[in-house]
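These notes are about the structure you will find just below.
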Amino acid sequence: MRIILASLMMLAACAPSPSQQAAPTRVVEPRTFAGPAPRDPAALQRVMLERHNAARRAVGVAPLVWNDALARDAQAYAEQMARTGRFAHAVQPQGLGREGENLWTGTRDAYRYREMVDAWIAEKKWFRNGVTPDFSTTGNYEDVAHYTQIIWRGSKAVGCALASNRSDDYLVCRYSPPGNVVGQKAL
């Protein structure tokens, strides 16, 4: 089984172009259950909202609300990645209309929804509330960018979706307003 994570940063001025970005690291993890992970859109919404809001509650930030329009955007992009097999952030406009984005991919049916989102939340161990992009104790903003998007004080809504191809699942969560804004703190 493999898992890959990616988080959209609002670092337009200093971020490399998509063609210059290195491929995400593949991680192999042991399975804690047999058979395929359950799949159900209502459960996806429930788990994503519960886990996002638990992480936000732990740092004293107001909960996110589910947004169907964000979920539709996430679904369209998850389906595009599943169809093309290209795991990369969506090209989005700068400014108004931009959505925050967390991405995850892993072996099809091998991960439960909670495992997917908890991989992002686990980045908390490297988080410090510095000014973006200086918010990681490792010195690499990408090590905490999923987590910071989840807890970003200014984000109010989330919508997530999952799509699959023969071999992989693709999870996309979209946020509004987007987080990880250069020059601002998450909290």
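The model shown is predicted, which means the values in this text are computed figures rather than measured ones.
- Put simply, OG on Ser176 and NZ on Lys156 are 10.5 Å apart, with the number rounded to the nearest 0.5 Å.
- Formation of a donor-acceptor pair under 3.5 Å by the Glu123 side chain with backbone atoms of Tyr147 is found in this model.
- Here the shortest heavy-atom pairing between Tyr113 and Arg39 reads OH-CA, 3.1 Å.
- The line from OG1 of Thr138 to CZ of Arg128 is 9.5 Å long, rounded to the nearest 0.5 Å.
- A donor-acceptor contact shorter than 3.5 Å is absent between the side chain of Gln149 and the backbone of Gly100.
- Between Phe127 and Thr148 the shortest side-chain heavy-atom distance falls below 4.5 Å.
- Between the side chain of Arg56 and the main chain of Ile150, a donor-acceptor pair closer than 3.5 Å is present.
- Considering only heavy atoms from C-beta on, Ile151 comes within 4.5 Å of Leu187 through its side chain.
- A heavy-atom distance below 4.5 Å is found between the side chains of Leu162 and Met116.
- The distance from the CH2 atom of Trp152 to the NZ atom of Lys185 is 10.5 Å, given to the nearest 0.5 Å.
- With Tyr175 as the fixed residue, the side-chain hydrogen bond (donor to acceptor under 3.5 Å, both in side chains) test singles out one of Arg98, His52, Glu101: His52.
- Asn180 and Thr132 share no donor-acceptor pair across their side chains, judged by distance under 3.5 Å alone.
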Trace of the side-chain hydrogen bond (donor to acceptor under 3.5 Å, both in side chains) decision for His89 with Tyr77:
CA-CA 9 Å; His89 283 289; Tyr77 193 62; over 6 Å; no

CA sep, side-chain torsions, deciding dist, call: Tyr111, Trp104, ring-ring contact (aromatic ring centres under 6.0 Å, His included):
CA-CA 11 Å; Tyr111 294 89; Trp104 178 98; 5.2 Å; yes

Go through the steps to decide whether Val158 and Leu49 satisfy the test side-chain contact (heavy atoms from CB on, under 4.5 Å), and finish with yes or no.
CA-CA 8 Å; Val158 64; Leu49 205 50; 3.8 Å; yes

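- Within the 3.5 Å criterion, the main-chain N or O of Trp126 finds a donor-acceptor partner in the side chain of Thr137.
- In this structure Asp118 satisfies the salt bridge (charged side-chain N to carboxylate O under 4.0 Å, His left out) test together with Arg51, Arg114, sequence neighbours excluded.
- Listed for the Ser155 side chain is a donor-acceptor partner under 3.5 Å among the backbone atoms of Pro177.
- Looking at Trp120 and Leu171, their side chains come closer than 4.5 Å, going by heavy atoms from C-beta outward.
- Using a 4.0 Å cut-off between charged side-chain N and carboxylate O, Arg46 and Glu50 make a salt bridge.
- In this structure, the side chains of Asp73 and Glu99 come closer than 4.5 Å at one or more pairs of heavy atoms.
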Criterion side-chain contact (heavy atoms from CB on, under 4.5 Å) on Met81 and Asn165, from CA distance to verdict
CA-CA 9 Å; Met81 286 193 298; Asn165 60 25; over 6 Å; no

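- Closest approach of Ala78 and Ala161 over heavy atoms only: CB-O, 4.1 Å.
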Return a table of donor-acceptor pairs under 3.5 angstrom between the side chains of residues 59-68 and protein atoms on other chains or two or more places apart.
residue: Trp66; atom: NE1; partner: Asp68; partner atom: OD1; Å: 3.3
residue: Asn67; atom: OD1; partner: Ala69; partner atom: N; Å: 2.9
residue: Asn67; atom: OD1; partner: Leu70; partner atom: N; Å: 2.8

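- The minimum heavy-atom distance linking Leu103 with His146 is given by the pair O-NE2, 3.7 Å.
- Donor-acceptor pairing under 3.5 Å is recorded for the side chains of Ser164 and Asp169.
- Residues Cys160 and Arg174 are not in side-chain contact: their nearest non-hydrogen atoms beyond the backbone lie 4.5 Å or more apart.
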